Number of protein chains: 2
Amino acid sequence: MSRPPTTQEFVLDELRKAIVSRRLSPRQPIRQDAIAHQLGVSRVPLREALKTLEAEGQVVYEPHRGYSVAELSLSDLLEVYRLRDLLESEAATVAARKFTDTDLARVLDAQRDVESAADGSDLVGMITANRRFHFALLEPAGMPRLLRIVRTLWDATDAYRAVYYNSDVNRARVRDEHERIVQAAKQRDAEALTTLLDTHRRHAVDALRATLDADGSPG
Amino acid sequence: MSRPPTTQEFVLDELRKAIVSRRLSPRQPIRQDAIAHQLGVSRVPLREALKTLEAEGQVVYEPHRGYSVAELSLSDLLEVYRLRDLLESEAATVAARKFTDTDLARVLDAQRDVESAADGSDLVGMITANRRFHFALLEPAGMPRLLRIVRTLWDATDAYRAVYYNSDVNRARVRDEHERIVQAAKQRDAEALTTLLDTHRRHAVDALRATLDADGSPG
DNA sequence: CATGACGAATTTGGATCCAATATACAGTTG
DNA sequence: CAACTGTATATTGGATCCAAATTCGTCATG
């Protein structure tokens, strides 16, 4: 008994995809009329969707001058990962003490998808399965506000994930590290789990940092 | 060269005040037509302001059913303070290494306002000065995303601050603890600073928890 | 040639109107 | 009398229209 999405939900989804796929590139002004026309809607639901993205930091807004896609500088990237370290460590620690068999089943299920996506070089599948895997590990903590914040932190760097997963070695490493994380989760070993996740994130941020440098985008 | 506020900025401000002052109480549905009329505006800017509050967690939204003021349960309160512990500790530690004389001057200035507000039993003055004091300590960290998150965490419990500062003993304790915090900041003693701030927050959350219990609001 | 003033065109902000959905209520039926 | 159905009402969602602000091009001026 689901509900058909409202227009603003549809628009929000489309905007996210456009930002992640770089069809809307950083610093680019968002012309409301053009985008609304393109999506076949009026500006009203578009603007409500933009307000949501503004609050998440995905776009920046200046009254009377409009919205533009937010740019992620190097210091922004490092801050995002520092915040993820702080918040995800907490969530993982709390969650590890509470894992039920159902929780673990969800983690394993996501990891199976990660594996097949890694094998099949399926970028989009990799991104979504990886996200499912990590949030399956964090959700049992029962900290909805924390989770919500962490989600926006993930969104902020989503545009870079496709690049990251485009590499065979990166996909293989993720798959491998996830295996060890699964073992720690199974044993409810909070300390090992947080350590492994910390390392996992450090690998990601190092790779992203290299990407950002290669882009030559100044920060 | 300031700018006159847009209608949605005005509305956002009014809504915040209404929520903090409990003129809009938790779980109460927000009738857009009524509020828009009350403020002498149309529903459009009101809805954009509500989208911002939704993203901050101040109101909850259900499509086709509307917005209502978010309720803060006991577990929500504890989560907010746990998140503040994690994030403000980080910010304070980073900031302590960077304090300039200008930064410290801002802290001292805020503390002077706290003192006069505490002496004069000025509740609103106490709330604003206290907030200035704490953010003056955190802003030098140069972590804009963290600061933004912390601001929303403060907003979430703003409704309870007036109650807290209504007590002579609470105001005196805040004033006193601030003095010691100022000393640690002057000496750039990051460890002492974070310890003192931790204790400071624990006192606040204990008092708030008592208030919540007294309210008898189940959570 | 740089600079500033002016005006047209573009773009955003907000109000009003209509459509879609949910809620409340009356009446009906088992 | 409980449960259900249909209908009226209230409320939200979205489209269109107009006002306000900004941007951009033009031209005058030093």
Side-chain angles (χ1 to χ4, degrees), chain A residues 1-19 22-71 148, chain B residues 1-19 22-71 148:
Chain A
M1 175 130 176
S2 191
R3 173 178 55 77
T6 61
T7 306
Q8 50 180 299
E9 284 172 331
F10 161 73
V11 170
L12 182 57
D13 221 51
E14 291 297 317
L15 286 176
R16 284 193 206 281
K17 284 191 281 188
I19 292 172
R22 302 281 190 155
R23 281 203 310 281
L24 290 176
S25 26
R27 304 197 60 77
Q28 178 179 342
I30 294 176
R31 302 286 170 219
Q32 299 175 9
D33 222 5
I35 302 220
H37 237 83
Q38 216 169 310
L39 298 176
V41 301
S42 83
R43 282 173 49 220
V44 175
L46 169 61
R47 283 173 53 183
E48 301 203 7
L50 285 170
K51 267 277 166 281
T52 301
L53 290 175
E54 184 206 356
E56 292 177 1
Q58 295 272 85
V59 302
V60 294
Y61 170 66
E62 190 94 22
H64 302 299
R65 305 198 40 201
Y67 297 85
S68 60
V69 180
E71 185 172 35
R148 185 172 184 165
Chain B
M1 175 131 179
S2 190
R3 174 178 55 75
T6 60
T7 306
Q8 50 180 299
E9 285 172 331
F10 161 72
V11 170
L12 182 57
D13 220 52
E14 292 296 317
L15 286 176
R16 284 195 207 281
K17 285 192 282 189
I19 292 172
R22 302 281 190 154
R23 281 204 309 281
L24 290 175
S25 28
R27 303 198 60 78
Q28 178 179 343
I30 293 175
R31 302 288 170 218
Q32 298 174 10
D33 223 2
I35 302 223
H37 231 84
Q38 216 169 309
L39 299 176
V41 301
S42 84
R43 280 173 50 220
V44 175
L46 168 62
R47 283 174 52 183
E48 301 204 7
L50 285 170
K51 268 277 167 283
T52 301
L53 291 175
E54 184 206 356
E56 293 177 1
Q58 294 272 85
V59 303
V60 295
Y61 169 65
E62 191 94 24
H64 302 299
R65 304 197 41 203
Y67 297 85
S68 59
V69 180
E71 184 172 37
R148 186 173 184 163

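This structure is a prediction, so every number in the text was calculated from the model and none was measured.
If you check every strand for non-hydrogen atoms under 4.0 Å, B:P29 touches nothing. Nucleic acid contact class of B:I30 (heavy atoms, under 4.0 Å, all strands): sugar-phosphate only.
Contact annotation: B:Y61 reaches the phosphate of D:dG13 (side-chain N/O to OP1 or OP2, under 4.0 Å). At the phosphate of D:dT23, OP1 or OP2 sits under 4.0 Å from a side-chain N or O atom of A:R65. Proximity of B:Q32 to the phosphate of D:dA10: no side-chain N or O atom is located under 4.0 Å from OP1 or OP2. For A:T7, a side-chain nitrogen or oxygen approaches OP1 or OP2 of D:dG14 to under 4.0 Å. The side chain of B:S42 places no N or O atom within less than 4.0 Å of a non-bridging phosphate oxygen (OP1 or OP2) of C:dT16.
When side chains are defined from C-beta on, B:L15 counts as touching B:L46, because their heavy atoms get closer than 4.5 Å. Between A:L24 and A:I35 the shortest side-chain heavy-atom distance falls below 4.5 Å.
Between the side chain of A:R43 and the base of C:dG13, at least one donor-acceptor pair of N or O atoms lies under 3.5 Å.
Two residues, A:E48 and A:H64, neighbour DNA chain D, and the one matched to the more 5' nucleotide by heavy-atom proximity is A:E48. Nearer to the 5' terminus of DNA chain C, by closest-nucleotide assignment, is the contact made by A:G66 (compared with the other of A:G66 and A:V44).
Proximity note for A:P45 (side chain, C-beta onward) versus D:dG14, C:dG13, C:dA15: the nearest is D:dG14. Side-chain proximity of B:R47 to D:dG14, C:dT12, C:dG14: nearest is D:dG14.
Here the CG atom belonging to A:L53 is positioned 14.0 Å from the OH atom belonging to A:Y61, to the nearest 0.5 angstrom.
In this structure, CG of B:L46 is placed 16 Å from P of C:dG13, rounded to the nearest angstrom.
For A:S42, there are no side-chain hydrogen bond (donor to acceptor under 3.5 Å, both in side chains) partners at least two apart in sequence or on another chain.
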